[in-house]
Amino acid sequence: MSVLQVPSLVHAGVYDAAVVHKNCAKTQRRSVSLFELELPIWKGGVCYLDSGAYPIEPDHFICAKPGQTRSTQLPFQCYYVHLSAEQGGLYQLMSGLPDCFFVTSPEKYYQIFADIIHAFTFPFPGSEVYLGGKILELIYGVYRDSSHAIEVIREPLSPHIAEAIDFIDCHYLEELCLADIAEEVHLNPAYLHRIFSKAMGQTPYQYLTMRRLDTAKKLLIT
């Protein structure tokens, strides 16, 4: 019989995108390296996972997995737990979870997250064992509930917008204008501006400026 490897708790807490990303309408796309389990606190914003766009609601549960790419359109506040898991049964189980699904009893998860966050922030004798049990309780609850819950229908980003984002992410340090981006994705500049703004909540120029400002902030810090 194989030994059950409990995922390692890397971090847990309460996340507010507006505090971490000030003066920012949408966070930068990044690659996910851990299992990121999140329970939104307030309604608002959009969670972008790979090519999907999920509206953020208090009765949604978000499961981002290693290898995915994600970003968030603000506002977004959530309880979160980040886990690292070795290849095996639990890794495969968590990898198969839906990206976003409805939960009928979010209060149950609020309590589990609160217990994990408190024990992680204020460790006590035996807290590692306690946390291991709570992590398994969380994973089991998510697995059980997601198996018969309604998965949130994602609104996929159009290939043109995804290509435009990738192009900006690769060339944002160069001189770029709307016409350059539109030419890359084979669209009329005015049409690209309209559909990009509707899907992303910001114009191509605002997204380009955000990427440049983020890089400038990091350079100033380092």
Side-chain angles (χ1 to χ4, degrees), residues 7-84 94 97 99-100 103 106 109-110 112-123 131 135 138 142 152 154 157 161-162 165-166 168-170 172-173 196-197 199-222:
S8 300
L9 178 59
V10 178
H11 213 283
V14 180
Y15 173 76
D16 186 344
V19 174
V20 180
H21 304 277
K22 295 181 179 179
N23 303 318
C24 178
K26 182 176 180 291
T27 65
Q28 178 181 334
R29 291 180 75 194
R30 62 179 176 84
S31 178
V32 178
S33 59
L34 302 168
F35 288 98
E36 302 179 0
L37 308 183
E38 299 169 353
L39 186 68
I41 299 173
W42 305 111
K43 176 180 179 179
V46 180
C47 174
Y48 298 95
L49 268 175
D50 287 341
S51 61
Y54 301 92
I56 295 170
E57 301 278 354
D59 59 353
H60 290 178
F61 199 104
I62 299 169
C63 303
K65 298 97 172 172
Q68 291 185 309
T69 58
R70 70 175 303 186
S71 61
T72 306
Q73 181 177 317
L74 278 60
F76 181 43
Q77 294 179 325
C78 71
Y79 297 105
Y80 72 90
V81 167
H82 291 175
L83 302 173
S84 174
M94 290 191 292
L97 294 173
D99 292 340
C100 187
V103 291
Y109 289 105
Y110 289 150
I112 297 176
F113 274 101
D115 292 342
I116 292 175
I117 293 168
H118 185 270
F120 178 80
T121 308
F122 306 102
L131 282 170
I135 290 169
L138 176 62
V142 173
V152 175
R154 64 182 181 178
L157 294 174
I161 295 176
I165 292 172
D166 288 338
I168 295 173
D169 287 345
C170 291
Y172 67 93
L173 293 179
F196 191 102
S197 301
M200 302 297 293
Q202 58 186 325
T203 67
Y205 180 75
Q206 288 172 329
Y207 181 80
L208 172 63
T209 302
M210 178 196 69
R211 293 289 284 110
R212 288 171 172 169
L213 285 174
D214 285 344
T215 299
K217 290 176 184 177
K218 292 176 182 177
L219 289 174
L220 286 172
I221 292 172
T222 57

TODO: Please assess V81 against L9 for the test side chain to side chain contact (heavy atoms under 4.5 Å, CB included), listing each intermediate value before the final yes or no.
DONE: CA-CA 7 Å; V81 167; L9 178 59; 3.6 Å; yes
What I'd like to find out is whether the side chain of [X] reaches to under 4.5 Å of the side chain of [Y], using heavy atoms alone.
X    : Y    : answer
P58  : Y110 : yes
D16  : V20  : no
D115 : L131 : no
P66  : F35  : yes

What's the shortest heavy-atom distance between [X] and [Y], and which atoms?
X    : Y    : result
L37  : L138 : CD1-CD2, 3.9 Å
P40  : C78  : CA-CB, 3.8 Å
I168 : P204 : CD1-O, 4.2 Å
L34  : S84  : CD2-CB, 3.8 Å
M94  : L83  : SD-CD1, 4.2 Å
P106 : L39  : O-CD2, 3.8 Å

Open item on the list: Would the distance check show the side chain of K65 and the main-chain N or O of L97 forming a donor-acceptor pair, the cut-off being under 3.5 Å?
Closed with: yes
Open item on the list: Check whether H60 reaches the backbone of V103 with its side chain - one donor and one acceptor, N or O, closer than 3.5 Å.
Closed with: no
Open item on the list: Regarding K26 and T72, do their side chains bring together a donor and an acceptor under 3.5 Å, going by distance alone?
Closed with: no
TODO: Go through R29 and I165 one step at a time and tell me if the side chain to side chain contact (heavy atoms under 4.5 Å, CB included) criterion holds.
DONE: CA-CA 9 Å; R29 291 180 75 194; I165 292 172; 3.2 Å; yes
Please round to the nearest 0.5 Å and tell me the distance separating atom [atom1] of [X] and atom [atom2] of [Y].
X    : Y    : atom1 : atom2 : result
E57  : W42  : CD    : CH2   : 13.5 Å
E38  : C47  : CD    : SG    : 6.5 Å
L213 : L208 : CG    : CG    : 9.5 Å
T121 : I116 : OG1   : CD1   : 11.0 Å

TODO: For this output row, return yes or no: ring centroids of H82 and Y80 closer than 6.0 angstrom.
DONE: yes
Open item on the list: One thing to verify: whether R70 and D50 come together as a salt bridge, which I'm taking to mean a side-chain N less than 4.0 angstrom from a carboxylate O.
Closed with: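 No, this pair does not count.
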Open item on the list: For Y54, run the side chain to side chain contact (heavy atoms under 4.5 Å, CB included) check against V46, I62, L49 and tell me which one passes.
Closed with: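 Result: among V46, I62, L49, L49 is the only option passing the side chain to side chain contact (heavy atoms under 4.5 Å, CB included) with Y54.
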Task: Residue pair Y79, I112: steps toward the side chain to side chain contact (heavy atoms under 4.5 Å, CB included) verdict - done: CA-CA 10 Å; Y79 297 105; I112 297 176; over 6 Å; no
Task: Other residues, nucleotides, ligands: >12 heavy atoms within 6.0 Å of Y15 OH - done: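 Yes - once you tally the heavy atoms of other residues, nucleotides and ligands closer than 6.0 Å, there are more than 12.
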- [ ] Could you walk me through whether D99 and Q68 pass side chain to side chain contact (heavy atoms under 4.5 Å, CB included), step by step?
- [x] CA-CA 10 Å; D99 292 340; Q68 291 185 309; 3.1 Å; yes
